[in-house]
There are 2 protein chains.
Amino acid sequence: MKETISNLPMREKILDTAASLFAQKGFYAVSVREITRTVGIKESSLYNHFRSKDQLLEEIFDLFQSQEEEFFKGLSSAIEIKKTFKRGKIKTFLNNELKRFLRFWDSPQRERLWFIVSMEQHRNPHAAGLILQGFQQTRKSLKNLIQVLVDHKIIKPLNSDLLAAEYSYTMRAMFLEYRLLKVTNQSTHSIKKSMEAYIQRFLERIQDKG
Amino acid sequence: MKETISNLPMREKILDTAASLFAQKGFYAVSVREITRTVGIKESSLYNHFRSKDQLLEEIFDLFQSQEEEFFKGLSSAIEIKKTFKRGKIKTFLNNELKRFLRFWDSPQRERLWFIVSMEQHRNPHAAGLILQGFQQTRKSLKNLIQVLVDHKIIKPLNSDLLAAEYSYTMRAMFLEYRLLKVTNQSTHSIKKSMEAYIQRFLERIQDKG
DNA sequence: GTCTATACGAGGATAGAC
DNA sequence: GTCTATCCTCGTATAGAC
């Protein structure tokens with residue numbers, strides 16, 4: 001895959017390398033020298049493409065945001081398509097979306113973006129905003145789904161705000177543990193099972209058996 | 001309160017200053033020069049108290065761990081004492097423990113420790129271990145509580161592992177949002193209400209009405 | 001236990017030749 | 001758009017006087 005990277009325009013090559021190094025060590029621990037040495041250019045050349053080291057980080061934040069938007073757009077259209085939900089298929093749908101979510105962020109390129117934003121979220125307001133936006137978007141999408149299910153009388157007429165919050169918070173915390181296990185090279189089997197078990201119990205609670 | 005700090009032994013003063021600066025900017029963004037300048041000593045003097053900058057971080061991790069242990073010890077004894085649960089008091093108990101938890105980590109000293117460990121969790125295995133330990137401890141304490149409630153027939157004989165996981169994951173994600181809102185100077189009112197609402201619905205689901 | 005002095009590599013960034 | 005050369009500050013850390 002090195003060929004792919006080395007065929008990129010220099011600007012992309014720099015950004016890609018920076019993302020890779022930032023994700024491994026954190027923004028501050030990586031120097032411009034290290035980035036350019038890895039790319040194979042001189043420090044001064046980097047400044048023909050980026051104003052500063054900070055600009056690299058900002059562009060990475062933008063990439064993260066566009067990836068998040070891409071995922072949520074996919075989720076929205078999946079919900080839209082499934083307006084013809086068959087009663088028994090909700091569980092399959094949720095499990096598939098969970099798998100899609102995990103696969104989406106397991107992609108090495110996106111995983112790096114996720115790490116960088118996560119690392120920076122506590123000291124960088126921009127990063128914090130992106131994470132909070134993720135929380136909100138997840139709730140919003142879930143609320144939308146639950147409303148569709150309520151409208152089709154597949155689940156009881158429950159408060160979709162509260163349910164969406166509950167489901168998305170739980171899933172998000174599990175996802176954080178999933179990521180932490182992955183990065184420390186531990187098995188994610190158990191936490192994946194917990195996620196599936198949660199979906200199962202969540203549905204049992206809300207489905208309209210009548 | 002500056003008097004309090006300046007009366008500390010030098011070793012504590014350095015550690016306190018380091019924690020404060022690390023929490024604001026991150027470990028890498030803070031230099032030994034900056035720490036000693038803030039304390040009012042020369043760089044060389046710091047090395048009479050600490051082997052290296054890394055040792056400062058390690059000691060901060062130890063402080064975090066001892067604070068976590070302190071909290072969980074308090075929670076355990078609260079559960080122990082409440083073995084005589086009155087049916088109607090569980091909600092009060094959980095709400096109180098929630099408030100205690102938030103107040104505990106809202107203390108400026110502990111908040112700093114929490115920030116530092118959170119920031120370092122993605123690149124530092126020691127920090128990642130501490131966070132994962134927190135996940136586990138929370139589940140364990142909750143499982144213990146639920147088991148007590150089941151034994152006293154206050155709640156239905158449900159799987160305490162699954163319930164503990166669900167409750168603690170949800171609360172933890174909400175806590176993360178709480179912290180992120182705080183650090184970005186936004187209102188935490190809404191998320192606190194969500195926490196209380198979650199406790200309410202959780203209890204409704206599991207209480208033995210019979 | 002703190003200071004002065006110093007070592008020396010690494011940090012981000014720029015000027016100007018090619 | 002890349003290079004060489006250079007700037008100057010900051011990084012951690014140590015030796016040795018007081």
Side-chain angles (χ1 to χ4, degrees), chain A residues 2-62 116 119-120 122-127, chain B residues 2-62 116 119-120 122-127:
Chain A
K2 272 198 178 153
E3 287 68 27
T4 314
I5 290 177
S6 58
N7 287 335
L8 289 174
M10 183 53 72
R11 195 172 197 287
E12 309 304 312
K13 217 163 26 176
I14 293 169
L15 200 56
D16 187 89
T17 305
S20 166
L21 291 170
F22 291 164
Q24 282 171 56
K25 313 184 174 187
F27 177 71
Y28 273 104
V30 177
S31 63
V32 171
R33 288 213 222 281
E34 186 174 2
I35 296 167
T36 54
R37 201 190 318 124
T38 309
V39 173
I41 54 169
K42 296 295 168 187
E43 288 105 281
S44 51
S45 299
L46 182 140
Y47 292 92
N48 281 314
H49 301 279
F50 300 93
R51 274 192 313 282
S52 65
K53 192 187 168 192
D54 279 312
Q55 202 200 341
L56 287 168
L57 188 59
E58 288 302 317
E59 299 222 1
I60 285 168
F61 287 164
D62 292 343
I116 297 166
M119 272 193 256
E120 296 303 315
H122 294 99
R123 57 155 208 94
N124 187 312
H126 189 167
Chain B
K2 270 193 177 156
E3 287 68 25
T4 313
I5 289 177
S6 58
N7 287 335
L8 288 174
M10 183 54 71
R11 194 172 199 286
E12 309 305 313
K13 219 165 19 177
I14 293 169
L15 200 57
D16 187 88
T17 304
S20 167
L21 292 170
F22 291 165
Q24 282 170 56
K25 314 184 175 187
F27 178 72
Y28 273 106
V30 176
S31 64
V32 172
R33 283 212 225 279
E34 186 175 1
I35 296 167
T36 54
R37 201 190 317 124
T38 308
V39 172
I41 54 168
K42 297 293 167 191
E43 289 105 280
S44 51
S45 300
L46 182 140
Y47 293 93
N48 281 314
H49 302 281
F50 299 93
R51 276 191 313 281
S52 64
K53 191 187 168 193
D54 279 314
Q55 202 201 341
L56 286 168
L57 188 60
E58 288 302 317
E59 298 222 2
I60 285 169
F61 287 165
D62 291 344
I116 297 166
M119 274 193 257
E120 296 304 313
H122 294 100
R123 59 154 205 94
N124 187 312
H126 189 166

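Throughout, protein chains are lettered first and strands after them, A, B, ... in sequence-line order, and every chain is numbered starting at 1.
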- Item | Whole-Å gap separating C1' (dG12(C)) and CZ (Phe50(A)) | 16 Å
- Measure the distance from CZ on Phe27(A) to C1' on dG12(C) and round it to the nearest whole Å. 11 Å
- Query: Hey, which of these two, Ser45(A) or Arg33(A), hits DNA chain D nearer its 5' end, going by closest nucleotide?
  - Reply: Ser45(A)
- Message: Quick check with a 6.0 Å cut-off and a 45 degree axis cone: is Lys53(B) positioned over the face of Phe27(B)'s six-membered ring?
- Response: yes
- Message: Taking Lys13(B)'s backbone N and O only, do any of them form a donor-acceptor pair with Thr17(B)'s side chain (distance below 3.5 Å, no angle check)?
- Response: yes
- Item | Gap between atoms CG and P, on Leu56(B) and dG11(D) respectively (whole Å) | 14 Å
- Lys13(A) NZ to dG1(D) C1', in whole Å, measures 13 Å
- Under 4.0 angstrom, heavy atoms only, what part of the nucleic acid is Val30(B) near: base, sugar-phosphate, or nothing? sugar-phosphate
- Task: Could you check Ile14(A), Leu46(A), Leu56(A) and say which one makes a side-chain contact (heavy atoms from CB on, under 4.5 Å) with Val32(A)?
- Result: Leu46(A)
- Message: Check the phosphate of dT14(C) against Tyr47(A), side-chain N and O only, distance under 4.0 Å to OP1 or OP2. Yes or no?
- Response: no
- Message: Expressed as a whole number of angstroms, how long is the span from Lys42(A):NZ to dA5(D):P?
- Response: 10 Å
- Rounded to whole angstroms, how far apart are CD on Glu34(B) and P on dG11(C)? 18 Å
- Task: Using atom types as modelled and distance alone, determine if a side-chain donor or acceptor of Glu34(B) lies under 3.5 Å from a backbone N or O of Val30(B).
- Result: no
- Item | Separation of atom CG in Leu21(A) from atom P in dG12(C), rounded to whole Å | 12 Å
- Message: At 4.0 Å (heavy atoms only), tell me whether Lys53(A) reaches a base, stays on the sugar-phosphate, or touches nothing.
- Response: sugar-phosphate
- Residue mapping more 5' on DNA chain C - nearest nucleotide basis, Ser52(A) or Glu43(B): Glu43(B)
- Message: Are the side chains of Phe61(B) and Glu120(B) in contact, using a 4.5 Å heavy-atom criterion?
- Response: yes
- Message: Can you measure Arg37(A) atom CZ to dA10(C) atom P for me and round it to whole angstrom units?
- Response: 8 Å
- Just call it for Ser44(A): base, sugar-phosphate, or nothing, with non-hydrogen atoms closer than 4.0 Å on any strand. base
- Between Ile41(A) and Ala29(B), whichever has its closest DNA chain D nucleotide further toward 5' is Ile41(A)
